[in-house]
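To start, the structure itself, in C-alpha coordinates.
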There are 2 protein chains.
Amino acid sequence: MDNSTNFIAKLRNSGLRPTKQRLKICEVLFSGKNTFHFSINELSKIIIQKTNEKISLATIYNTVHAFLGKGYIKQIAVNSEQSYYDTNVSEHHHFYDEDKNQLIDIHDSEVEPVKINRKIPGKKIKSIELLVKLQNS
Amino acid sequence: MDNSTNFIAKLRNSGLRPTKQRLKICEVLFSGKNTFHFSINELSKIIIQKTNEKISLATIYNTVHAFLGKGYIKQIAVNSEQSYYDTNVSEHHHFYDEDKNQLIDIHDSEVEPVKINRKIPGKKIKSIELLVKLQNS
DNA sequence: TTCTAGATTATAACTATTCTAAAGTAATAA
DNA sequence: TTATTACTTTAGAATAGTTATAATCTAGAA
(Lines give C-alpha, C1' and ligand atoms only; values in the text may rest on other atoms or scores of the structure.)
Protein backbone atom coordinates (compact mmCIF):
# COMPACT_ATOMS: atom_id res chain seq x y z
CA MET A 1 0.00 0.00 0.00
CA ASP A 2 1.66 3.16 -1.16
CA ASN A 3 1.25 6.69 0.02
CA SER A 4 -1.39 7.72 -2.47
CA THR A 5 -3.59 4.83 -1.36
CA ASN A 6 -3.20 6.07 2.18
CA PHE A 7 -4.17 9.58 1.22
CA ILE A 8 -7.24 8.38 -0.68
CA ALA A 9 -8.39 6.54 2.42
CA LYS A 10 -7.48 9.43 4.68
CA LEU A 11 -9.52 11.87 2.64
CA ARG A 12 -12.46 9.52 2.18
CA ASN A 13 -12.60 8.67 5.85
CA SER A 14 -12.97 12.30 6.74
CA GLY A 15 -15.62 12.95 4.15
CA LEU A 16 -13.46 14.72 1.57
CA ARG A 17 -13.47 13.51 -1.99
CA PRO A 18 -10.00 12.37 -2.98
CA THR A 19 -9.57 14.60 -5.99
CA LYS A 20 -6.38 14.88 -8.02
CA GLN A 21 -5.63 18.26 -6.45
CA ARG A 22 -6.25 17.22 -2.87
CA LEU A 23 -4.10 14.14 -3.30
CA LYS A 24 -1.32 16.22 -4.74
CA ILE A 25 -1.51 18.62 -1.81
CA CYS A 26 -1.49 15.66 0.61
CA GLU A 27 1.66 14.38 -1.06
CA VAL A 28 3.36 17.71 -0.70
CA LEU A 29 2.25 18.26 2.89
CA PHE A 30 2.44 14.79 4.39
CA SER A 31 4.88 12.63 2.39
CA GLY A 32 8.11 13.99 3.84
CA LYS A 33 9.46 12.74 7.13
CA ASN A 34 9.48 16.18 8.67
CA THR A 35 6.70 18.56 9.48
CA PHE A 36 6.98 22.11 8.22
CA HIS A 37 5.51 25.59 8.15
CA PHE A 38 4.10 27.27 5.09
CA SER A 39 2.12 30.19 3.77
CA ILE A 40 -0.34 29.81 0.91
CA ASN A 41 2.12 31.32 -1.51
CA GLU A 42 4.91 29.06 -0.40
CA LEU A 43 2.64 26.04 -0.73
CA SER A 44 1.69 27.09 -4.23
CA LYS A 45 5.36 27.29 -5.21
CA ILE A 46 6.23 23.97 -3.59
CA ILE A 47 3.43 22.27 -5.52
CA ILE A 48 4.78 23.61 -8.80
CA GLN A 49 8.34 22.60 -7.89
CA LYS A 50 7.45 19.07 -6.86
CA THR A 51 4.80 18.20 -9.41
CA ASN A 52 5.51 20.51 -12.34
CA GLU A 53 1.84 21.39 -12.33
CA LYS A 54 -0.03 24.34 -11.00
CA ILE A 55 -3.07 24.16 -8.77
CA SER A 56 -5.20 27.28 -8.82
CA LEU A 57 -4.88 29.53 -5.79
CA ALA A 58 -8.59 29.23 -5.12
CA THR A 59 -8.28 25.47 -4.82
CA ILE A 60 -5.26 25.78 -2.57
CA TYR A 61 -7.18 28.11 -0.27
CA ASN A 62 -10.20 25.79 -0.33
CA THR A 63 -8.09 22.74 0.40
CA VAL A 64 -6.11 24.40 3.17
CA HIS A 65 -9.36 25.45 4.80
CA ALA A 66 -10.77 21.95 4.42
CA PHE A 67 -7.62 20.42 5.91
CA LEU A 68 -7.72 22.94 8.76
CA GLY A 69 -11.30 21.96 9.45
CA LYS A 70 -10.34 18.29 9.55
CA GLY A 71 -7.37 19.00 11.79
CA TYR A 72 -4.73 17.85 9.26
CA ILE A 73 -2.91 21.12 9.67
CA LYS A 74 -3.12 24.07 12.01
CA GLN A 75 -2.87 27.80 11.67
CA ILE A 76 -0.26 29.87 13.45
CA ALA A 77 -0.85 33.49 14.41
CA VAL A 78 2.31 35.31 13.45
CA ASN A 79 1.38 38.66 12.04
CA SER A 80 -1.27 40.17 9.90
CA GLU A 81 0.54 40.10 6.60
CA GLN A 82 -0.35 36.55 5.76
CA SER A 83 -1.46 33.31 7.34
CA TYR A 84 0.99 30.62 8.29
CA TYR A 85 0.18 26.97 8.64
CA ASP A 86 1.89 24.03 10.29
CA THR A 87 1.77 20.37 9.32
CA ASN A 88 2.61 19.54 12.93
CA VAL A 89 -0.74 19.65 14.68
CA SER A 90 0.50 18.62 18.10
CA GLU A 91 0.53 21.39 20.68
CA HIS A 92 3.89 23.10 20.50
CA HIS A 93 5.28 26.59 20.23
CA HIS A 94 7.35 28.73 17.90
CA PHE A 95 10.18 31.11 17.48
CA TYR A 96 9.57 33.64 14.76
CA ASP A 97 12.63 35.10 13.13
CA GLU A 98 11.44 38.47 11.94
CA ASP A 99 14.47 39.09 9.77
CA LYS A 100 14.24 35.84 7.84
CA ASN A 101 10.46 35.62 8.13
CA GLN A 102 10.87 32.10 9.38
CA LEU A 103 9.16 29.95 12.00
CA ILE A 104 11.14 27.52 14.15
CA ASP A 105 9.54 24.88 16.35
CA ILE A 106 10.10 25.02 20.07
CA HIS A 107 10.07 21.51 21.48
CA ASP A 108 8.30 20.56 24.67
CA SER A 109 11.61 19.93 26.40
CA GLU A 110 12.67 23.49 25.67
CA VAL A 111 9.88 25.27 27.49
CA GLU A 112 7.97 24.83 30.72
CA PRO A 113 4.36 23.86 30.09
CA VAL A 114 2.11 26.89 30.10
CA LYS A 115 -0.43 26.87 32.91
CA ILE A 116 -3.31 29.31 32.98
CA ASN A 117 -4.89 29.86 36.40
CA ARG A 118 -8.02 31.57 35.21
CA LYS A 119 -11.26 30.59 33.63
CA ILE A 120 -13.56 32.68 31.49
CA PRO A 121 -17.19 31.79 32.14
CA GLY A 122 -18.85 30.03 29.25
CA LYS A 123 -15.59 29.63 27.39
CA LYS A 124 -13.15 26.80 26.97
CA ILE A 125 -9.58 26.88 25.81
CA LYS A 126 -9.24 25.99 22.16
CA SER A 127 -5.50 26.42 21.82
CA ILE A 128 -2.49 27.88 23.52
CA GLU A 129 -0.01 29.53 21.21
CA LEU A 130 3.31 30.84 22.37
CA LEU A 131 5.21 32.95 19.87
CA VAL A 132 8.74 34.07 20.70
CA LYS A 133 9.81 36.79 18.33
CA LEU A 134 13.51 36.97 17.55
CA GLN A 135 15.68 39.72 16.19
CA ASN A 136 19.35 39.87 15.28
CA SER A 137 21.50 40.31 18.36
CA MET B 1 -0.70 71.04 33.78
CA ASP B 2 -3.43 69.24 31.92
CA ASN B 3 -3.32 66.16 29.77
CA SER B 4 -2.80 67.89 26.48
CA THR B 5 0.27 69.67 27.86
CA ASN B 6 1.57 66.27 28.91
CA PHE B 7 0.99 64.84 25.48
CA ILE B 8 2.73 67.76 23.79
CA ALA B 9 5.78 67.16 25.95
CA LYS B 10 5.56 63.42 25.49
CA LEU B 11 5.52 63.72 21.72
CA ARG B 12 8.21 66.37 21.58
CA ASN B 13 10.50 64.44 23.87
CA SER B 14 10.40 61.48 21.57
CA GLY B 15 10.98 63.53 18.45
CA LEU B 16 7.43 63.57 17.13
CA ARG B 17 5.81 66.87 16.27
CA PRO B 18 2.72 67.39 18.42
CA THR B 19 0.24 67.86 15.65
CA LYS B 20 -3.48 68.23 16.16
CA GLN B 21 -4.07 64.70 14.95
CA ARG B 22 -1.39 63.08 17.06
CA LEU B 23 -2.62 64.87 20.16
CA LYS B 24 -6.14 63.73 19.47
CA ILE B 25 -4.97 60.15 19.11
CA CYS B 26 -2.98 60.47 22.34
CA GLU B 27 -6.12 61.65 24.12
CA VAL B 28 -8.09 58.72 22.86
CA LEU B 29 -5.39 56.17 23.62
CA PHE B 30 -3.90 57.42 26.86
CA SER B 31 -6.41 59.60 28.71
CA GLY B 32 -8.55 56.85 30.17
CA LYS B 33 -7.58 55.08 33.33
CA ASN B 34 -7.60 51.68 31.66
CA THR B 35 -5.50 50.25 28.90
CA PHE B 36 -7.26 48.67 25.98
CA HIS B 37 -6.92 46.78 22.72
CA PHE B 38 -7.86 48.11 19.33
CA SER B 39 -7.67 47.58 15.61
CA ILE B 40 -7.11 50.45 13.20
CA ASN B 41 -10.76 50.49 12.26
CA GLU B 42 -11.91 50.49 15.85
CA LEU B 43 -9.52 53.34 16.63
CA SER B 44 -10.88 55.31 13.72
CA LYS B 45 -14.42 54.87 15.04
CA ILE B 46 -13.46 55.76 18.60
CA ILE B 47 -11.84 58.97 17.37
CA ILE B 48 -15.01 59.97 15.58
CA GLN B 49 -17.16 59.10 18.61
CA LYS B 50 -15.04 60.99 21.09
CA THR B 51 -14.06 64.04 19.08
CA ASN B 52 -16.75 64.29 16.42
CA GLU B 53 -14.02 64.68 13.87
CA LYS B 54 -12.49 62.25 11.48
CA ILE B 55 -8.79 61.65 11.05
CA SER B 56 -7.84 60.15 7.72
CA LEU B 57 -7.02 56.46 7.78
CA ALA B 58 -3.57 57.16 6.33
CA THR B 59 -2.77 59.40 9.29
CA ILE B 60 -4.06 56.85 11.76
CA TYR B 61 -1.84 54.21 10.21
CA ASN B 62 1.11 56.60 10.23
CA THR B 63 0.54 57.57 13.82
CA VAL B 64 0.04 54.03 15.03
CA HIS B 65 3.30 53.06 13.35
CA ALA B 66 5.06 56.04 14.87
CA PHE B 67 3.70 55.20 18.33
CA LEU B 68 4.70 51.57 17.88
CA GLY B 69 8.21 52.67 17.01
CA LYS B 70 8.37 54.83 20.12
CA GLY B 71 7.01 52.03 22.28
CA TYR B 72 3.81 53.85 23.26
CA ILE B 73 1.74 50.90 22.14
CA LYS B 74 2.47 47.35 21.07
CA GLN B 75 1.19 45.02 18.43
CA ILE B 76 -0.49 41.71 19.21
CA ALA B 77 -0.41 38.77 16.81
CA VAL B 78 -3.93 37.43 16.80
CA ASN B 79 -4.78 36.41 13.29
CA SER B 80 -4.07 37.46 9.79
CA GLU B 81 -7.26 39.37 9.17
CA GLN B 82 -6.14 42.56 10.79
CA SER B 83 -3.60 43.94 13.25
CA TYR B 84 -4.43 44.46 16.88
CA TYR B 85 -2.71 46.89 19.18
CA ASP B 86 -2.50 47.27 22.94
CA THR B 87 -2.02 50.44 24.96
CA ASN B 88 -0.57 48.26 27.71
CA VAL B 89 3.06 47.86 26.69
CA SER B 90 4.18 45.83 29.69
CA GLU B 91 4.87 42.17 28.99
CA HIS B 92 1.64 40.29 29.48
CA HIS B 93 -0.50 37.77 27.66
CA HIS B 94 -3.96 37.44 26.18
CA PHE B 95 -7.05 35.40 25.82
CA TYR B 96 -8.67 35.78 22.44
CA ASP B 97 -12.37 35.15 22.27
CA GLU B 98 -12.92 34.02 18.71
CA ASP B 99 -16.68 34.35 18.90
CA LYS B 100 -16.69 37.93 20.12
CA ASN B 101 -13.45 38.85 18.39
CA GLN B 102 -12.21 40.24 21.65
CA LEU B 103 -8.88 40.27 23.48
CA ILE B 104 -8.71 39.89 27.26
CA ASP B 105 -5.59 40.53 29.31
CA ILE B 106 -4.07 37.68 31.26
CA HIS B 107 -2.40 39.06 34.36
CA ASP B 108 0.99 37.93 35.60
CA SER B 109 -0.59 36.29 38.62
CA GLU B 110 -2.74 34.15 36.35
CA VAL B 111 0.04 32.39 34.47
CA GLU B 112 3.44 30.94 35.28
CA PRO B 113 6.25 32.95 33.72
CA VAL B 114 7.29 31.50 30.40
CA LYS B 115 10.84 30.18 30.37
CA ILE B 116 12.56 29.23 27.13
CA ASN B 117 15.52 26.88 27.52
CA ARG B 118 16.96 27.36 24.08
CA LYS B 119 18.97 29.95 22.28
CA ILE B 120 19.13 30.61 18.57
CA PRO B 121 22.65 31.69 17.57
CA GLY B 122 22.89 35.31 16.53
CA LYS B 123 19.35 36.05 17.69
CA LYS B 124 17.90 37.60 20.76
CA ILE B 125 14.38 37.45 22.09
CA LYS B 126 12.38 40.52 21.17
CA SER B 127 9.08 39.53 22.71
CA ILE B 128 7.18 36.59 24.12
CA GLU B 129 3.52 36.47 23.21
CA LEU B 130 1.16 33.94 24.64
CA LEU B 131 -2.26 33.78 23.02
CA VAL B 132 -4.92 31.55 24.50
CA LYS B 133 -7.76 31.11 22.06
CA LEU B 134 -11.19 30.60 23.55
CA GLN B 135 -14.37 29.18 22.15
CA ASN B 136 -17.84 28.77 23.58
CA SER B 137 -18.03 25.78 25.88
C1' DT C 1 -23.48 5.02 -18.78
C1' DT C 2 -25.94 8.67 -16.69
C1' DC C 3 -26.80 11.74 -13.19
C1' DT C 4 -25.82 14.83 -9.51
C1' DA C 5 -23.60 16.90 -5.70
C1' DG C 6 -19.44 18.45 -4.86
C1' DA C 7 -14.81 20.33 -6.69
C1' DT C 8 -11.93 23.20 -9.58
C1' DT C 9 -10.93 27.25 -11.96
C1' DA C 10 -10.25 32.01 -13.73
C1' DT C 11 -11.43 36.03 -12.51
C1' DA C 12 -13.92 39.57 -10.03
C1' DA C 13 -14.55 41.51 -5.62
C1' DC C 14 -13.21 42.70 -1.14
C1' DT C 15 -10.42 44.20 2.90
C1' DA C 16 -6.44 45.67 5.22
C1' DT C 17 -2.56 48.15 4.42
C1' DT C 18 0.94 50.99 2.04
C1' DC C 19 2.23 54.42 -1.39
C1' DT C 20 1.99 58.90 -3.77
C1' DA C 21 1.99 63.47 -4.47
C1' DA C 22 -0.24 67.67 -3.43
C1' DA C 23 -1.56 70.81 0.14
C1' DG C 24 -1.07 72.09 4.94
C1' DT C 25 1.45 73.09 9.31
C1' DA C 26 5.04 73.26 13.11
C1' DA C 27 9.51 74.77 14.17
C1' DT C 28 13.36 77.67 13.21
C1' DA C 29 15.88 81.59 11.94
C1' DA C 30 16.03 86.20 10.47
C1' DT D 1 6.41 88.76 12.98
C1' DT D 2 7.60 86.65 8.56
C1' DA D 3 9.82 83.46 5.57
C1' DT D 4 11.64 79.15 4.99
C1' DT D 5 11.88 74.38 5.33
C1' DA D 6 11.17 69.95 6.76
C1' DC D 7 7.74 67.28 8.40
C1' DT D 8 2.70 65.97 8.38
C1' DT D 9 -1.79 65.17 6.66
C1' DT D 10 -4.83 63.82 3.23
C1' DA D 11 -7.55 61.69 -0.60
C1' DG D 12 -7.15 58.54 -3.47
C1' DA D 13 -4.43 55.08 -6.12
C1' DA D 14 -2.02 50.91 -5.70
C1' DT D 15 -0.95 46.50 -3.67
C1' DA D 16 -1.35 41.97 -1.33
C1' DG D 17 -3.82 38.46 0.77
C1' DT D 18 -8.05 36.36 0.77
C1' DT D 19 -12.90 35.28 -0.41
C1' DA D 20 -16.87 35.11 -3.66
C1' DT D 21 -18.90 33.99 -8.17
C1' DA D 22 -20.35 31.37 -11.79
C1' DA D 23 -19.08 28.34 -15.37
C1' DT D 24 -17.03 23.97 -16.17
C1' DC D 25 -15.58 19.58 -14.61
C1' DT D 26 -15.45 15.11 -12.05
C1' DA D 27 -16.07 11.43 -8.40
C1' DG D 28 -19.27 8.41 -6.83
C1' DA D 29 -23.88 6.53 -6.84
C1' DA D 30 -27.71 4.68 -9.38
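Bear in mind that the values here come from a model prediction, so they are computed numbers and not experimental data. Throughout, protein chains are lettered first and strands after them, A, B, ... in sequence-line order, and every chain is numbered starting at 1.
If you find the closest nucleotide of DNA chain D to A/Arg12 and to A/His65, the one lying nearer the 5' end belongs to A/His65. Heavy-atom distances to DNA chain D give each of B/Glu81 and B/Gln21 a nearest nucleotide, and the one nearer the 5′ end belongs to B/Gln21. Where B/Ile40 and B/Lys20 meet DNA chain C, the nucleotide closest to each residue was compared, and B/Ile40 sits on the side nearer the 5' end.
Using a 30° and 60° split on the angle between ring planes, A/Phe7 and A/Phe30 fall in the tilted class, from 30° to 60°. Between A/His65 and A/Tyr61, the ring-plane angle classifies as tilted under the 30° and 60° cut-offs.
Spacing between atom CG of A/Asn101 and atom P of D/dG17 amounts to 11 Å, rounded to whole angstrom units. If you take CG of A/Leu11 and P of D/dT26, they are 18 Å apart, rounded to a whole angstrom. Distance CD (B/Gln82) to P (D/dT19): 13 Å, rounded to an integer number of Å. The distance between atom CG of B/Leu57 and atom P of D/dT10, rounded to the nearest whole Å, is 10 Å. Atom CG in A/Leu43 sits about 15 Å away from atom C1' in D/dT18, given to the nearest Å. A/Asn13 places its CG atom 12 Å from the P atom of D/dG28, with the value rounded to the nearest Å. Distance CZ (B/Arg17) to C1' (D/dC7): 4 Å, rounded to an integer number of Å. Rounding to whole angstrom units, CD1 of residue B/Ile25 and C1' of D/dT10 are separated by 13 Å.
Between B/His94 and B/His37, the gap from one ring centroid to the other is short of 6.0 Å.
Under 4.0 angstrom from either OP1 or OP2 of D/dT8 there lies at least one side-chain N or O belonging to B/Arg22.
Residue contacts for B/Thr59: at a heavy-atom cut-off of 4.0 Å it reaches a base atom on one of the strands shown. Among the protein residues, B/Ser83 comes within range of the sugar-phosphate backbone only, with heavy atoms under 4.0 Å from sugar or phosphate atoms but none that close to a base. Among the atoms of the strands shown, only primed sugar atoms or phosphate atoms (P, OP1, OP2) are found under 4.0 Å from some heavy atom of B/Asn41.
The outermost nucleotides of DNA chain C lying under 4.0 Å from heavy atoms of chain B, listed 5' to 3', are C/dA16 to C/dA27.
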From CA spacing to verdict: side-chain contact (heavy atoms from CB on, under 4.5 Å), A/Val64, A/Phe38: CA-CA 11 Å; A/Val64 162; A/Phe38 63 93; 4.3 Å; yes
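Checking side-chain atoms of B/Arg22 against main-chain N and O of B/Arg17 turns up a donor-acceptor pair under 3.5 Å.
For CD of A/Glu81, the number of neighbouring non-hydrogen atoms (other residues, nucleotides, ligands) closer than 6.0 Å is 12 at most.
A salt bridge links B/Asp99 with A/Lys123; the closest basic N to acidic carboxylate O contact falls under 4.0 Å.
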